[in-house]
Amino acid sequence: MSARLLRTGGPGFLLLPGLLVVGVMLAAPLCLMLALSFQEFVPGQITNGALTIGNYVRLLGDLFYLQVMLETVELGLVVTALALVLGYPLAFFLARTRSRLRAFLTYLIFVPMMISLVIRAYGWMVLLGYKGLLNSVLLSLGLIDTPLRLLNSAHAVVLGLVEVLLPFMVVPVMSALRDIQPSVEEAARALGATPRQTFLKVTLPLSVPGVISGSLMVFSLSITAYALPALLGGAKVKMISAIAYDAMLVSYNWPFGSAVGIAMVVVTTALIYGYLRLTPEKNGHP
Amino acid sequence: MIELESIRKRFGEVDAVRSVSLTVAEGELVSLLGPSGCGKTTTLRIIAGFETPTSGRLRIAGRDMTNVPVERRGLSMVFQNYALFPHLTVFENVAFGLRLRKLPRAEIIEKVKQALAQVGLAELGDRLPRRLSGGQQQRVSLARALVVNPSVLLLDEPLSNLDLKLREQLRDEIRRLQRSLGITAVYVTHDQGEAMAMSDRVAVMRAGRIEQIGTPRSIYEQPATAFVASFIGQCNLLGGRPTADGTGFQTASGSLFRLAERCPAAAVQLAIRPEMLHFGQPPDGANGMAGTVREVVYLGESALVTVALSGGQEVLTATWRIARGTEMPREGDSVALWVAAADCVPVAEETVAERAA
């Protein structure tokens, strides 16, 4: 397929730098990991080169790991759903506002991305901590007697991930909404559709491509997140990326860490493939 | 059927529509014709309800519609870019309005099939719009607009994105359907040929006002202003003023033209269509001229001959009808021209209404 892509004419060679980066920095390590995941672990020398499926047997045979994988996917789905519910109205507003501030407001969406993720996580800690801002306010208002344990929970992780990943939902949905020709919605109105019917029957279906790409990005980024769950979830929330991290950098069991990584790639790919199959192709742009 | 009363629309600092009053009779097709920015599209969008007039009133079928939302005006609209629903099949596009009206399934299928057959697309119901050509898409859009049996059909430059041959074909098709269904229609276009061919009446617009309204023939033969004369078809315009007794028009270089009717005092230019100019000696009562041929442009059924009149700087373009075996005038030839008094139309710089406003 890449041969055909490159043969499509002059500008094909412009793909080469990108292909090279992806090839060297993504595909090659992935292949190495795939190979490593089928090798035996020997403490002290990583692997002795002997082939085995033991790593996968361990991963899939242990309820703990399956549980972690399931919870990771579950968390990804919750984050995606929340980002969609919060992001769609925002994207709609930004796509449709006639305000002169529109460019500025769109810029505001990107501002948080300019701040390090770790710093934002610490921001949430300040807000949600045991002696944090939220607890202080609730205490002083007399709404609670003892501080709530807000940090180190799945809720904190979801909250943090939604905040961090919201732009990845808003931007594609916004551009899908902007791609809709105003006359298409006007045609619906002229045919007798109320603004609400026009939204449900025309605008919403036509924004589905943006919803799909936004959801895929938010979902894959949230199930592979490492730093934010580690900082906000603490020991309570174990996500699959943390398992991989521990295997790779704590116990130096690279073969098992690779198996975890490959399993994540397979699960993510399967979910994305399923999602794309579910949404009809006809929702593409004209 | 449609009545616009002193409609005005301001966008910020700009008057898009200054003062438009217009009545469209039941079953009539009226074109709003003018260059871009003349306010024709805004006027149409006010009728549709996509814009609210800054002042003025709009009535459709006797009902005040000024503040009625689009979906309750009982009209249909056809757009320049077709505006089909890209996620729906041709069938579902046409069925859209019927489904909103909650018609029984069988009736919807029946009506959609009939509407698609009407525009010659009976076979294409299952296609998605993007799989159709521009002409086919606009036919679907027309079927979608007509199937709901609207009291008013609004067309916003529906043919502008199509190529010439298709444009003429679809133009006649739209006209035929509009007539046979007896639908009241307002048609926005910047193409004077389209407006002439389709309309019962043409409203020529400029700078937010209707400059002149009338049948295509009266607009063409009796333009009220220099703008109308030059916007519709080709026209020679000679500057000058009426003679003192009002029976003629004297051009800037001194030539005198007799007129069939009394010359209005406001006349500042004389409009003469190229095809009204004849070669040869003038018969009694006609206006004769002499000059030198500057340029000849061969067009097939005729040629356009540009003649510099002797005794001045004035230049006229005249139509030379080609007859087999005859010689065409050549550059440098001295020729005699004449025009009947009835074909000399004195025009004002602007309409009386404009100066009053």
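Quick note on labels: first sequence line is chain A, next is B, and so on, each numbered from 1.
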Those residues of residues 72-84 of chain B that come under 4.5 Å of chain A on a heavy-atom basis, listed by number, are B/Leu75, B/Ser76, B/Met77, B/Phe79, B/Asn81, B/Ala83, B/Leu84
Rounded to the nearest 0.5 angstrom, the CG-CG distance for A/Leu206 and B/Leu88 is 8.0 Å
Residues of residues 168-186 of chain B with a heavy atom under 4.5 Å from any heavy atom of chain A, in residue-number order, are none
Closest non-hydrogen contact found for B/Phe96 with A/Lys201 is CE1-CB, 3.9 Å
Turns out that what part of B/Val70 lies under 4.5 Å from chain A's heavy atoms comes down to both
B/Leu100 and A/Ala188 have their tightest heavy-atom pair at CD1-O, 4.5 Å
### Message
Heavy-atom count check: over 12 atoms from other residues, nucleotides or ligands less than 6.0 Å from B/Glu26 CD?
### Response
no
Cut-off 4.5 Å, heavy atoms of chain A, and the answer for B/Arg99 is neither
CD1 (A/Ile180) and CZ (B/Phe85) are apart, to the nearest 0.5 Å, by 11.5 Å
Original post:
For B/Asp163, does the CG atom have more than 12 heavy-atom neighbours from other residues, nucleotides or ligands under 6.0 Å away?
Top reply: yes
CZ (A/Arg196) and CD (B/Glu71) are apart, to the nearest 0.5 Å, by 13.0 Å
Under 4.5 Å to a heavy atom of chain B? For A/Gln197 that would be side chain
Residues of residues 95-103 of chain A with a heavy atom under 4.5 Å from any heavy atom of chain B, in residue-number order, are none
Residues 159-169 of chain A vs chain B, non-hydrogen distance cutoff under 4.5 Å, contacting residues -> none
